[in-house]
Amino acid sequence: MAATPVSKILVADDDQSLVRTLTWILKESGYEVVTAPGGEGLLTMLEQERPNLLLLDIMMPKTDGLQLL
């Protein structure tokens with residue numbers, strides 16, 4: 001029997017305590033989690049990681065979630 005593929009979620013937020021909490025919750029729910037400390041360099045990271053879902057903080061310094069979207 002083939003294993004069910006794990007969905008990968010990329011969390012981008014400048015609040016590290018929130019990132020740690022979200023990462024823990026998502027991993028406990030069976031997801032693979034990749035994190036980014038903010039919006040800078042996120043487009044390159046998206047090309048490398050190819051996540052199934054992207055969680056963006058709307059208010060980040062320099063490049064915010066709405067600009068990235």
Side-chain angles (χ1 to χ4, degrees):
M1 178 182 287
T4 305
V6 176
S7 295
K8 184 188 293 188
I9 300 174
L10 194 150
V11 177
D13 199 314
D14 59 324
D15 181 342
Q16 289 305 306
S17 62
L18 181 60
V19 170
R20 282 191 300 273
T21 302
L22 278 172
T23 298
W24 180 78
I25 291 168
L26 293 169
K27 284 184 175 182
E28 286 292 311
S29 297
Y31 296 99
E32 179 182 348
V33 180
V34 179
T35 63
E40 288 187 66
L42 187 60
L43 294 177
T44 302
M45 192 173 192
L46 287 172
E47 290 174 2
Q48 294 171 352
E49 295 294 336
R50 309 291 293 177
N52 302 100
L53 178 67
L54 177 60
L55 297 178
L56 293 171
D57 182 4
I58 292 177
M59 297 176 65
M60 291 185 286
K62 297 184 183 177
T63 308
D64 65 37
L66 292 176
Q67 290 172 326
L68 289 166
L69 190 61

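Just so it is clear, the structure is predicted and the values come from calculations on it, not from any experiment.
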Rounded distance (nearest 0.5 Å) linking atom CG of L42 with atom CD of E47: 10.5 Å
Side chain to side chain contact (heavy atoms under 4.5 Å, CB included) partner of S17, chosen from D15, V19, D13: D15
Nearest heavy atoms of E49 and K8, plus distance in Å: O-NZ, 2.8 Å
Separation of I9 CD1 from N52 CG (nearest 0.5 Å): 8.0 Å
Hydrophobic cluster membership, L56 vs L26, 4.5 Å side-chain cutoff: no
Separation between CE of M45 and CG of L54, rounded to the nearest 0.5 Å: 10.0 Å
Approximate separation, where rounding is to 0.5 Å, of T21 OG1 and Q16 CD: 10.5 Å
Reported CG-to-CG distance for the pair L10 and L53, which is rounded to 0.5 angstrom: 9.0 Å
Counterpart residues, side-chain hydrogen bond (donor to acceptor under 3.5 Å, both in side chains), relative to E32 (two or more places apart): none
Partner set under side-chain contact (heavy atoms from CB on, under 4.5 Å) for L22, not counting sequence neighbours: V11, L18
